[in-house]
Amino acid sequence: QVQLVESGGGSVQAGGSLTLSCAASGYTYSSYCMGWFRQAPGKPREGVASIATGYASTYVADSVKGRFTISHDVGENTLYLHMRTLKPEDTAMYYCAATMNGGTWCLGAPSNSWNYWGQGTQVTVSS
């Protein structure tokens with residue numbers, strides 16, 4: 001069973017930086033997709049960034065492009081979201097997601113396309 005555990009959330013002032021981590025376990029696939037989503041109160045879950053392992057391809061949403069980057073450490077089975085120049089509108093619960101259906105189709109795919117989810121980590125940005 002695939003398990004995803006996020007960490008690294010917290011409270012930061014606008015303009016600050018945070019790095020989220022997602023430790024993954026329970027799979028042996030060599031090609032799969034992992035991504036980050038976020039959900040603010042009263043808003044739908046939105047995709048932030050995703051990566052298609054085995055293809056070295058990534059996707060970053062326009063709303064965070066130039067500020068957020070996604071990376072994946074294969075040896076550590078860990079996904080990262082490096083966030084800088086944070087804004088109050090970045091405040092949300094951030095979720096790690098994965099699907100074992102590898103390929104670039106997953107880049108930018110909506111939340112209902114992803115099979116596995118972490119419990120989430122809260123990011124709060126104050127002005």
Side-chain angles (χ1 to χ4, degrees):
Q1 180 70 13
V2 177
Q3 291 188 322
L4 305 172
V5 179
E6 304 99 330
S7 61
S11 297
V12 63
Q13 288 191 327
S17 301
L18 281 175
T19 293
L20 305 183
S21 302
C22 173
S25 62
Y27 61 91
T28 57
Y29 295 89
S30 59
S31 178
Y32 48 92
C33 293
M34 296 189 74
W36 289 99
F37 288 75
R38 67 184 182 185
Q39 188 167 20
K43 294 187 177 181
R45 190 168 295 190
E46 64 168 334
V48 176
S50 49
I51 186 167
T53 69
Y55 294 84
S57 297
T58 62
Y59 160 84
V60 179
D62 288 343
S63 58
V64 301
K65 194 167 291 183
R67 300 188 298 118
F68 291 13
T69 57
I70 187 171
S71 65
H72 180 239
D73 186 320
V74 177
E76 295 293 325
N77 287 342
T78 301
L79 182 73
Y80 298 96
L81 184 67
H82 309 277
M83 307 183 293
R84 61 181 179 87
T85 320
L86 284 160
K87 304 176 181 180
E89 50 264 43
D90 295 319
T91 295
M93 184 70 80
Y94 284 71
Y95 297 92
C96 176
T99 173
M100 296 300 111
N101 297 320
T104 57
W105 68 270
C106 65
L107 300 177
S111 59
N112 59 7
S113 298
W114 299 75
N115 307 113
Y116 304 100
W117 293 87
Q119 81 287 352
T121 186
Q122 178 68 36
V123 172
T124 302
V125 184
S126 58
S127 57

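Residue numbers count from 1 along this sequence.
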- Task: Spell out, yes or no, whether Y59 and W36 are grouped together once hydrophobic residues are joined by side-chain heavy atoms under 4.5 Å, including indirect joins.
- Result: no
- Do you know which two heavy atoms are closest between L81 and A49, and how far apart they sit? CD1-CB, 4.1 Å
- Tell me who clusters with F37, hydrophobic residues only, linked when side chains sit under 4.5 Å apart either directly or through other members. M93, Y95, W114, W117
- Item | Test item: R45 side-chain N/O and P110 main-chain N/O as donor-acceptor pair under 3.5 Å | no
- Item | Shortest non-hydrogen separation from R84 to G66 and the atoms involved | NH2-O, 2.6 Å
- Message: Test of understanding: with side chain to side chain contact (heavy atoms under 4.5 Å, CB included), list the residues that count as partners of Q119, not counting sequence neighbours.
- Response: V5, E6
- Item | Over 12 non-hydrogen atoms of neighbours within 6.0 angstrom of CD in Q122 | yes
- Considering residues at least two apart in sequence or located in another chain, which fulfil the side chain to side chain contact (heavy atoms under 4.5 Å, CB included) criterion with V125? V12, A14, L86, P88, D90, T91, V123
- Is any side-chain heavy atom of M83 closer than 4.5 Å to a side-chain heavy atom of V48? no
- Those residues that, when tested against K65, pass salt bridge (charged side-chain N to carboxylate O under 4.0 Å, His left out) (two or more places apart): D62
- Item | Spatial distance of atom OH (Y80) from atom CD1 (I51) [nearest 0.5 Å] | 12.0 Å
- Heavy-atom check, side chain of L79 versus side chain of I70, under 4.5 Å: yes
- Item | Any donor-acceptor N/O pair, T78 side chain to D73 backbone, under 3.5 Å | no
- CD of Q13 to OG of S127: how many Å apart, nearest 0.5 Å? 9.0 Å
- Item | Partner set under side chain to side chain contact (heavy atoms under 4.5 Å, CB included) for S63, not counting sequence neighbours | R38, E46, A61
- Message: Could you report the tightest heavy-atom contact between C106 and S50, atom names first, then the distance?
- Response: O-OG, 3.9 Å
- Query: Could you give the distance from OH (Y94) to CZ (F68), rounded to the nearest 0.5 Å?
  - Reply: 4.0 Å
Please report, to 0.1 Å, the donor-acceptor pairs under 3.5 Å made by any side chain of residues 96-105, with sequence neighbours excluded.
| from | atom 1 | to | atom 2 | distance (Å) |
| --- | --- | --- | --- | --- |
| T99 | OG1 | N101 | N | 3.3 |
| T99 | OG1 | N115 | OD1 | 2.8 |
| W105 | NE1 | N101 | O | 2.9 |

- Query: Taking all non-hydrogen atoms of both residues, which atom of S71 and which atom of H82 are closest, and how far apart?
  - Reply: OG-NE2, 2.9 Å
- Query: What pair of heavy atoms forms the shortest contact from Y32 to N77, and how long is it?
  - Reply: OH-OD1, 4.5 Å
